[in-house]
Number of protein chains: 2
Amino acid sequence: MADINVSASSRPAKGDPGVPARSGGLGEGDPLVDVIELFFFAYRNFVSDPDEILQGIGFGRAHHRVLHFVNRHPGMRVTDLLDILRITKQSLGRVLRELVDQGFIDSRAGASDRRQRLLHLTPKGEALAQQFVTLQSHRIRRALEECGPDSRETARRFLVAMIDPEDRGPVEKLIARADQQAEAKTSGASGKASPPAGGSLGATGNRPAPLVRPAG
Amino acid sequence: MADINVSASSRPAKGDPGVPARSGGLGEGDPLVDVIELFFFAYRNFVSDPDEILQGIGFGRAHHRVLHFVNRHPGMRVTDLLDILRITKQSLGRVLRELVDQGFIDSRAGASDRRQRLLHLTPKGEALAQQFVTLQSHRIRRALEECGPDSRETARRFLVAMIDPEDRGPVEKLIARADQQAEAKTSGASGKASPPAGGSLGATGNRPAPLVRPAG
DNA sequence: ACATTTATGTCAGCCATGTTGACTTTTTTC
DNA sequence: GAAAAAAGTCAACATGGCTGACATAAATGT
């Protein structure tokens with residue numbers, strides 16, 4: 001409440017730019033560089049939160065990302081994960097193998113389509129993923145509290161608007177779907193070792209909609 | 001103005017959380033996971049902007065970061081860069097050598113302390129750095145415009161608040177110092193091949209204050 | 001004057017995580 | 001039964017972190 005001194009570096013907001021919008025008038029000399037750098041420093045701190053834990057078990061950020069999204073989308077296919085992470089099958093395969101071998105992720109053949117490997121977290125994996133979410137949520141919560149009551153929606157809107165327009169829809173759907181599933185799970189049965197009830201993703205039919213980006 | 005559909009995934013704001021703040025009541029089941037993920041997707045897009053250009057000249061993101069901060073702090077020392085980037089001398093040395101060899105960065109011995117190598121961008125380097133700033137500023141400007149007139153300060157405050165408390169001061173000072181220098185430069189002489197007037201960093205004496213973090 | 005510290009650079013090697021390309025197996029779909 | 005899809009694998013390579021060990025030049029302290 002008394003630590004934020006943002007205006008220390010900001011020029012007088014909008015009037016009197018000193019230099020009259022040099023060469024083009026769009027995004028060159030304007031003080032948006034500060035936001036570029038704040039984004040860099042903020043994200044670096046943000047991702048460094050889980051690093052300590054990860055290092056203790058010989059994992060890296062790639063493992064974190066996989067754990068996170070499998071946690072959010074229990075029963076997801078490998079292809080779904082590839083669509084979200086946008087890395088190659090080989091890169092994913094490396095970390096996924098370690099996570100399965102060490103008992104953090106459970107990979108079972110799909111019931112309806114036995115080519116698929118449906119990914120679930122083991123209790124061990126869930127505990128770890130929950131640790132990460134808790135850590136990073138603390139940081140976000142603290143930040144939002146310092147920014148006042150309305151900051152949450154503004155921050156959300158800002159982050160969404162920073163995403164490529166063609167990705168926004170899929171990303172928001174992805175988040176919405178995960179939220180719905182989590183809600184259904186907690187309001188339903190006591191919720192452990194969830195049955196693959198009704199095709200855990202997509203749920204529209206045999207071919208669940210891609211989580212992110214239909215094609216590249 | 002009509003494209004943002006943030007509320008598609010958000011539960012009814014604050015009341016009726018569905019699950020009554022399970023196990024601890026702080027940052028576990030609360031819908032802050034969406035912000036975690038939005039931050040991930042937003043930052044991925046954000047850093048991918050310059051990638052296309054970088055790939056064309058055989059550079060990577062490490063080169064981008066070096067170019068950016070040398071651009072913002074002309075005449076900075078190698079140590080300053082290390083403090084900001086928080087990587088090892090060896091890692092920095094690799095990309096710095098390439099940037100100097102290929103004529104993007106000029107590395108001159110300091111006048112008062114000839115051990116120092118003061119880093120400046122060449123015109124070629126400046127042009128490239130400016131390209132990156134323009135690209136990323138476009139994204140930010142677009143995002144802020146979509147979020148309304150007050151979003152800029154909120155976004156700034158949010159990003160600052162996401163930074164580790166002990167880093168905020170140094171980071172804000174860093175940004176303020178760069179802004180001041182840029183201002184002085186544009187308002188001063190016609191502004192080319194700037195003289196090392198008055199010790200380009202710190203300016204308090206022989207030992208300029210560290211840009212970020214006095215001690216690792 | 002000499003010892004120490006500081007700023008920088010460099011060699012060598014390792015690790016994590018991304019990439020491409022080629023190929024296999026299993027299963028589903030047409 | 002052919003083609004396509006889901007997954008996995010091997011090999012090789014690139015980027016960009018890391019550690020450890022040194023080397024050199026210049027400033028600083030005694």
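We use all heavy atoms of the structure for the numbers below, so side chains are in, but hydrogens, waters and symmetry mates are not. Chain letters run A, B, ... following the sequence lines, proteins first and then strands; every chain starts at 1.
One can place CD1 of Ile57(A) at 15 Å from C1' of dA16(C), the figure rounded to the nearest angstrom. Distance CG (Leu119(B)) to C1' (dG9(C)): 13 Å, rounded to an integer number of Å. Rounded to whole angstrom, the span from the CZ atom of Arg117(A) across to the P atom of dA5(D) amounts to 18 Å. One atom, CG of Leu82(A), and another, C1' of dT9(D), lie 14 Å apart when rounded to the nearest Å. Across the protein-nucleic acid pair, Asp101(B) atom CG and dG9(C) atom P stand 12 Å apart, rounded to whole Å. Taking atom CG on Leu54(B) and atom P on dT19(C), their separation rounds to 16 Å, with Å as the unit. In this structure, Glu98(B) atom CD and dG9(C) atom C1' are separated by 15 Å, rounded to whole Å. With rounding to whole Å, Leu118(A) atom CG is found 14 Å from dT27(C) atom P.
The side chain of Leu96(B) lies closest to dG9(C), out of dA6(D), dA7(C), dG9(C). Counting only heavy atoms from C-beta on, Asp113(A) has its side chain closest to dT27(C) among dA7(D), dT8(C), dT27(C). Nearest nucleotide to the side chain of Ser107(B), out of dT17(C), dG9(C), dG17(D): dG9(C). The side chain of Lys89(B) approaches dT10(C) more closely than any other nucleotide in the set dT10(C), dT19(C), dG17(D). When the nucleotides dC11(C), dG8(D), dA22(C) are ranked by their closest atom to the side chain of Val78(A), dG8(D) comes out on top. Among the nucleotides dA6(D), dT19(C), dG9(C), the one closest to any side-chain atom of Gln116(A) is dA6(D).
Between the side chains of His63(A) and Glu98(A), at least one donor-acceptor pair of N or O atoms lies under 3.5 Å. For the residue pair Thr88(A) / Ser91(A), a side-chain donor-acceptor distance below 3.5 Å is found, with atom types taken as modelled.
Taking the nucleotide of DNA chain C with the nearest heavy atom to each of Gln90(B) and Ile87(A), the more 5' of the two is matched to Gln90(B). The residue among Leu92(A) and Arg114(A) whose nearest nucleotide of DNA chain C lies closer to the 5′ end is Leu92(A).
Among the atoms of the strands shown, only primed sugar atoms or phosphate atoms (P, OP1, OP2) are found under 4.0 Å from some heavy atom of Arg61(A). Residue contacts for Gly60(A): at a heavy-atom cut-off of 4.0 Å it reaches the sugar-phosphate backbone alone, with no base atom in range.
OP1 or OP2 of dT17(C) lies within a sub-4.0 Å distance of a side-chain N or O belonging to His63(A). Put simply, Thr88(B) has no side-chain N or O that comes within less than 4.0 Å of OP1 or OP2 on dG17(D). A sub-4.0 Å separation between OP1 or OP2 of dT10(C) and a side-chain N or O of Arg97(B) is present. For dG18(C), one of the phosphate oxygens OP1 or OP2 lies less than 4.0 angstrom from a side-chain nitrogen or oxygen of Arg65(A).
Taking 4.0 Å as the cut-off between side-chain N and carboxylate O, Glu146(A) and Arg157(B) do not count as a salt-bridged pair. With respect to Arg86(A) and Asp167(A), a salt bridge is recorded, a charged nitrogen being found less than 4.0 Å from a carboxylate O. Using a 4.0 Å cut-off between a side-chain N of Lys or Arg and a carboxylate O of Asp or Glu, Asp34(B) and Arg152(A) qualify as a salt bridge. Under a 4.0 Å N-O distance rule, the pair Arg108(A)/Asp106(A) qualifies as a salt bridge.
In this model, a side-chain donor or acceptor of Arg115(B) finds a partner on the base of dT6(C) within 3.5 Å.
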